[in-house]
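Computed from a predicted model, the values in this text were never measured in an experiment. Remember, it's 1-based here, ligands and their atoms both numbered in the order they're listed.
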Amino acid sequence: MKVLVATEKPFAKVAVDGIRKEVEGAGFELALLEKYTEKKQLLDAVADADAIIIRSDIVDAEVLAAAKQLKIVVRAGAGYDNVDLAAATAAGVCVMNTPGQNSNAVAELALGMMVYAVRNFYNGTSGTELKGKRLGIHAFGNVGRNVARIAKGFGMEVYAFDAFCPAEVIEKDGVKALASAEALYETCDVVSLHIPATAETKNSINYALLNKMPKGALLVNTARKEVINEAEMVKLMEERTDFKYVTDIMPANHAEMMEKFAGRYFATPKKMGAQTAEANINAGIAAASQIVDFIKNGNERFRVNK
Ligand code: 3PG
């Protein structure tokens, strides 16, 4: 039984050691494909793999077709928009994620990016504080919950909107639940995005929504670039010189954003929200143990495809 770790953005070494222990301890073989630059390398590596652990690596119909022995793909992380679920189902491949395992890391980065933005990107000029400001958490999943917990420590007033999470669940965490995205953006000085990229959410963060935010607004994106309507973001930031945008997922129009909005816009060079030793260990080892439990016992608890 061969388990392949295919990570264009590698895990910390200590996480790979933990994955190896889990896989070899079960009597399986571990193969590593890290920092690959061509899709061909992935297509070759998956040829004899029974199981694959990935991060944001693309597993499309072509990759699935090349993986003749494949039984399971585990996305070590939360979002699985990088996997073609229908093609996996058609190929008889189980797809899982590892929910919650890297969420604290992403939440800590979201707060770090907020401080960076309100302190004017650490340029030494007088900024503002997070204490007393209204934070809107857009989607109250594992990351959103952690953002709420940390933001309360900063003394922020925390609000959330989640189309799928009942208000009682949100309020139990000491967070004010709002009934719509519009209400969240209207109410909050800072909005932190934690929605997945789906057919419904892609391009949904648009001019009309963002323009509801009060003066001096800040949008923090540690979710997905696809949820932003990039052309409308440009229009908004041209009109609203008070508006700041910081993102952990570099947009397609990064060069234009830098040129037009330097000082109000920042993007990390590579998505780094989940890039901590702890998150790599948690998500990587969870992925390995889910694979072992699936192969040995048929456990499909974290399956995300039908
Ligand atoms: C996730 O969906 O888990 C995060 O976006 C982290 O993605 P990464 O594993 O590519 O860093």
Engineer: Give the residue, atom name and distance (to 0.1 Å) of the protein heavy atom nearest atom 11 (O) of ligand 1.
Structural biologist: K9 NZ, 2.8 Å

Engineer: Going by distance alone, is a donor N or O of one side chain under 3.5 Å from an acceptor N or O of the other, for S204 and E200?
Structural biologist: no

Engineer: Say whether G77, considering both its backbone and side-chain N or O atoms, lies within less than 3.5 Å of an N or O atom on ligand 1.
Structural biologist: no

Engineer: So that I can tick it off, tell me whether E157 and K176 are bridged by a salt bridge, with the cut-off set at under 4.0 angstrom between side-chain N and carboxylate O.
Structural biologist: yes

Engineer: Which protein non-hydrogen atom lies closest to atom 1 (C) of ligand 1, naming both residue and atom, and how far is it?
Structural biologist: R75 NH2, 3.3 Å

Engineer: Which residue owns the protein heavy atom closest to atom 3 (O) of ligand 1, what's the atom, and how far is it?
Structural biologist: A78 N, 2.7 Å

Engineer: Quick one: does ligand 1 sit under 4.0 Å from the side chain of Q275, the backbone, both or neither, non-hydrogen atoms only?
Structural biologist: neither

Engineer: Where's the contact between M272 and ligand 1, heavy-atom distance under 4.0 Å: side chain, backbone, both or neither?
Structural biologist: neither

Engineer: Can you tell me which portion of N102 lies within the under-4.0 Å heavy-atom range of ligand 1? Options are side chain, backbone, both, or neither.
Structural biologist: side chain

Engineer: How long is the span from the CD1 atom in I228 to the NZ atom in K202, to the nearest 0.5 Å?
Structural biologist: 14.0 Å

Engineer: Would E62 and K39 pass as an ion pair if we require N to O under 4.0 Å?
Structural biologist: yes

Engineer: Is there a polar contact, in the sense of an N or O pair closer than 3.5 Å, between G79 and ligand 1?
Structural biologist: yes

Engineer: Is NZ or CZ of K235 both nearer than 6.0 Å to the six-membered ring centre of Y207 and within 45° of the ring axis?
Structural biologist: yes

Engineer: Salt bridge check, R134 against D189: does any charged N sit closer than 4.0 Å to a carboxylate O?
Structural biologist: no

Engineer: Would you mind listing which atoms of ligand 1 come within a distance below 4.0 Å of any non-hydrogen atom of R224?
Structural biologist: 1 (C), 2 (O), 5 (O)

Engineer: If the cut-off is 4.0 Å to any non-hydrogen atom of A274, which atoms of ligand 1 fall inside it?
Structural biologist: 6 (C), 11 (O)

Engineer: Using the six-membered ring wherever Trp is involved, compare the ring planes of Y122 and Y116 and label them parallel, tilted or perpendicular (cut-offs 30° and 60°).
Structural biologist: perpendicular

Engineer: Could you identify the single nearest non-hydrogen protein atom to atom 10 (O) of ligand 1 and state the distance to 0.1 Å?
Structural biologist: S56 OG, 2.4 Å

Engineer: State plainly whether the residues D17 and K21 are in salt-bridge range, i.e. N to O under 4.0 Å.
Structural biologist: no

